[in-house]
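Beneath this line is the structure, given in structure tokens, with notes to follow.
A note on names: the letters A, B, ... follow the listed sequences, proteins ahead of strands, and every chain is numbered from 1. Just so it is clear, the structure is predicted and the values come from calculations on it, not from any experiment.
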Amino acid sequence: MELTSSQRVAVEHKDGPLLVLAGPGSGKTRVITSRICQLISSGVSPYSICAITFTNKAAQEMRERVISSGIRSGAHISTFHSLCVRLLRQYAQQAGIQANFSIYDEADQSRCMKMALKEVEVPASDFQPAAVLDRISGWKSDLELVEAVRQRADGFRMKMLVRLYDRYQQILQANNALDFDDLLVKVAYLLKEHPQVREELNERFRYLLIDEYQDTNHAQYQIAKGLALGHGNICVTGDPDQSIYRWRGADIGNILAFEKDYPNATVVRLEENFRSTAAILAVADKLIHANKKRKEKRLVPTIGEGAEVQVQGYDDEEEEAYAVVLKVKALIDSGEDAGEIAIFYRVNSMSRKLEEAFIRNRISYQVVRGVEFYGRKEIRDMIAYLKVLANPQDELSLMRVINTPARGIGETTLAKVTSWARDNRLGFYEAAMRAADIGGIAKATQAKLATFVRMIEDLRSGIEGPVAPLMEKVLHQSGLESSLSTGRGDEGTARDNVIELIDGAAAYDSGTDNPSLVDYLQQIALFSDTDAYDAAARKTALMTLHAAKGLEFDHVFIIGAEEGILPHERSASNEDELEEERRLMFVGITRARKGLEVSFARHRTTRGLFSRTIPSQFLYEMGVEIRTPEDAEREPHHQKGEGHGELIYEAFEEDGHPEYLKGELVRHPKFGLGRVVGFIWLGENSTVTVKFNTGSQKTLMLKYANLTKEQF
DNA sequence: AAAACATACATTTTT
DNA sequence: TGTATGTTTT
């Protein structure tokens, strides 16, 4: 495809600052990759190019695009966070840290904060860990260190928060750990306080490109500034209308002030849209115009008018879910590619009803929620072992694994070792090594500690080189393997998950030049939900509106357009936050190429409470006729009432799974005889409801229930 | 020490 | 609603 004149200006721009204000669907990604290729073919060394993307996925795609256009690879393409990890490893000494640092995720952070809360002795009810962490994250995003905040701290609450901030940082440091914000903070200060490091990097990266600049926070802004110092070859791209991470500290002002920061900047506006139909763009445009704090920007359609945007109301969320899934099914049946259909929602919990509808209708789908995998107990256990091996100071991880699986090192023992360690100014692990010197620990327990220490030492000796074989060893020697196979419940899946993790590590080993445990751990810590989206699977995708950023689909459904959900209730009080919600909606709308349906439910059950809802104000701002459930009923093809009922029964009666019909007599190993009251087919998650002769009625998972049919 | 049970509790988005 | 924590039981 030919480049437009604006696109060409952006691609061919060589030296000096460049701001690309790129609307949705304007071919921005293509422009960036073409620009990288153009730079290289004009004689710039690939190694002197540093491109920063918003997600790992985007970085991966950009790398592939550059390579596939026949250009020698070698340009550094990664996210801010990955870049920071690299720099911190390389300049660990100057940054005042050790290169084998652990990266603490939200759960780890929360545990550290709970420790801090205990130690600082605050009235715990007034300080929830998550809220305190949120404040601290805000300070860090603004590059405010403890001392700076302390200076201006007034009032009891602020002073407490500062003490918590201080203590929290001490805990992280003691564990040789950094949280997500620290990665940025450390690099920003590295560049600021070590001019020779900064100059070295300015020398190395002659061309800096930053995508999604509207979502950079102050720390990222300072890092970008430092990296561009000296040469000023900084190209940023973004769209203020798509800024959706204010809550995470992103400062839309960074992109708005770019021309002030870099007075000789060239500015290119990409306003033509090559993605969506005119009908969709008109709706997006109307909506975004309701934002007052906004720089006017046009959306210029280049594709035909297309089908009308649908806004459809449903009676409740169940009806909404089933109707949307039916529409997905109809699209697929009419020959549309299932992988070109997506459903977006405001909050992750809204995927549940949709999944149920997909399963019952036996349509395959994918939920884009990758980090969930890393939150599973067995995965966290495994990774905690690896962290202990890679970073001996990581006591948080050590505490997790020391008695997992259970090996007879209980709370009392841990308390004794901990207090002895403190008295002797040693780490917990060093103390555990000298269990014999600690008074009051039984001989048998001493032996258990010694065995554990020996195992860690042995595993640690094999820490170099590829990761997957090491993980196999850990799995085996730690006893996790046998605990997974003897454990009840979801044993099969827990085991599968660990195997999946090891497979992933094997892929890492073969795809990396110098695989190392430290590098592997630091990489997986930065995985995001979006990274889990598998476009090649050709399955209909379910994801949050945030995860949808940067993607596009032929057909898009946005569900739950109700006051309190979209816009979310937490943003209702504040005009700025409301505008951000509107931008979020705008992002969702502009993902669609051909078809868009926005829906709402008049009733919704939120945390167990069934209540009436109000349609989102955004629906009115979009200027589309709103169709109510009653309107739909007047349609000639409408299936009355339980419109989705037929499909459920169809699934119910199909073969391949044991059928439990109402009234059938069954026997349960524990509860005895009973009669089937209901059966819900959910694939392997099918449930049977049985009224037992004991009088109790229970809903059981078929795969665990161990029911036998009684013949009568 | 682990499982079973009970009860409180808080609910956005994510690198 | 479902999770996360605390309490009791085995």
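What separates CG of A/Asp134 from C1' of B/dT13 is a distance of 11 Å, to the nearest Å. As a whole-Å value, the separation of A/Ile565 CD1 from B/dT13 C1' is 14 Å. Going from atom CZ of A/Arg369 over to atom P of B/dT12 covers 14 Å, rounded to whole Å. Between A/Leu414 atom CG and B/dA1 atom C1' the separation is 13 Å, expressed in whole Å. The distance from atom CE of A/Met543 to atom P of B/dT12 is 21 Å, rounded to the nearest whole Å. Protein atom CG of A/Asn217 is 17 Å distant from nucleotide atom P of B/dT14, rounded to whole Å. In this structure, A/Asn574 places its CG atom 15 Å from C1' of B/dT12, rounding to the nearest Å.
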Task: Nucleotide pairing, DNA chain B (Watson-Crick or G-U, distances under 3.5 Å), in dot-bracket with [ ] and | - done: ||||||||||.....
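No aromatic stack links A/His546 and the base of B/dT13, using centre distance under 5.5 Å and interplanar angle under 30°.
Evaluation of the side chain to side chain donor-acceptor pair (under 3.5 Å) rule for A/Asp519 yields A/Arg89, A/Tyr508, A/Gln523 as partners, not counting sequence neighbours. When the side chain to side chain donor-acceptor pair (under 3.5 Å) test is applied to A/Thr544, no partner is found at least two apart in sequence or on another chain. Every residue was checked against the salt bridge (Lys or Arg N to Asp or Glu O under 4.0 Å) condition with A/Asp394, not counting sequence neighbours, and none meets it. Remark: A/Lys377 engages A/Asp381 in a salt bridge (Lys or Arg N to Asp or Glu O under 4.0 Å) (not counting sequence neighbours). For A/Thr413, the side chain to side chain contact (heavy atoms under 4.5 Å, CB included) partners at least two apart in sequence or on another chain are A/Ile409, A/Val417, A/Ile441, A/Thr445, A/Leu449. By the salt bridge (Lys or Arg N to Asp or Glu O under 4.0 Å) test, A/Glu579 is found to be paired with no residue, residues two or more places apart in sequence or in another chain being considered. In this structure, A/Thr404 has no side chain to side chain donor-acceptor pair (under 3.5 Å) partners at least two apart in sequence or on a different chain. Residues satisfying the salt bridge (Lys or Arg N to Asp or Glu O under 4.0 Å) criterion with A/Arg63, sequence neighbours excluded, are absent altogether.
Closest approach to the A/Asn348 side chain among B/dT12, B/dA2, B/dT14 is made by B/dT14 (side chain taken as heavy atoms from C-beta onward). The A/Gln128 side chain lies nearest to B/dA10 when the options are B/dA10, B/dT12, B/dA2. Counting only heavy atoms from C-beta on, A/Glu106 has its side chain closest to B/dT14 among B/dT13, B/dT14, B/dA2.
Nucleic acid contact for A/Arg352: sugar-phosphate only, since backbone atoms but no base atoms lie under 4.0 Å from a heavy atom of the residue. Contact annotation for A/Lys549: no contact, since no heavy-atom pair falls under 4.0 Å across all strands.
Using a 4.0 Å cutoff on non-hydrogen atoms, the parts of residues 243-252 of chain A near DNA chain B are A/Tyr245, A/Trp247, A/Arg248, ordered by number.
Mapped onto DNA chain B by nearest heavy atom, A/Gly410 and A/Glu580 fall at different nucleotides, with A/Gly410 at the one closer to the 5' end. Where A/Phe180 and A/Ile409 each meet DNA chain B at their nearest nucleotide, the meeting point lying more 5' is that of A/Ile409.
Mapping heavy-atom proximity under 4.0 Å, the span of DNA chain C touched by chain A runs 5' to 3' from C/dT1 to C/dT5.
Here, C/dT5 and B/dT12 have their C1' atoms 23 Å apart, quoted to the whole Å.
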- [ ] Starting from the C-alpha separation in whole Å, work towards a yes-or-no answer on side-chain hydrogen bond (donor to acceptor under 3.5 Å, both in side chains) for A/Tyr365 and A/Glu355.
- [x] CA-CA 8 Å; A/Tyr365 64 93; A/Glu355 286 189 72; 2.9 Å; yes
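Taking the six-membered ring where tryptophan is involved, the planes of A/Phe553 and A/Phe344 are perpendicular, since the angle between them exceeds 60° and thus also 30°.
Annotation: salt bridge (Lys or Arg N to Asp or Glu O under 4.0 Å) contacts involving residues 242-254 of chain A, sequence neighbours excluded, comprise A/Arg246-A/Asp576, A/Arg246-A/Glu577.
In terms of heavy-atom proximity, A/Arg380 sits nearest to A/Ala107 at NH2-CB, 3.4 Å.
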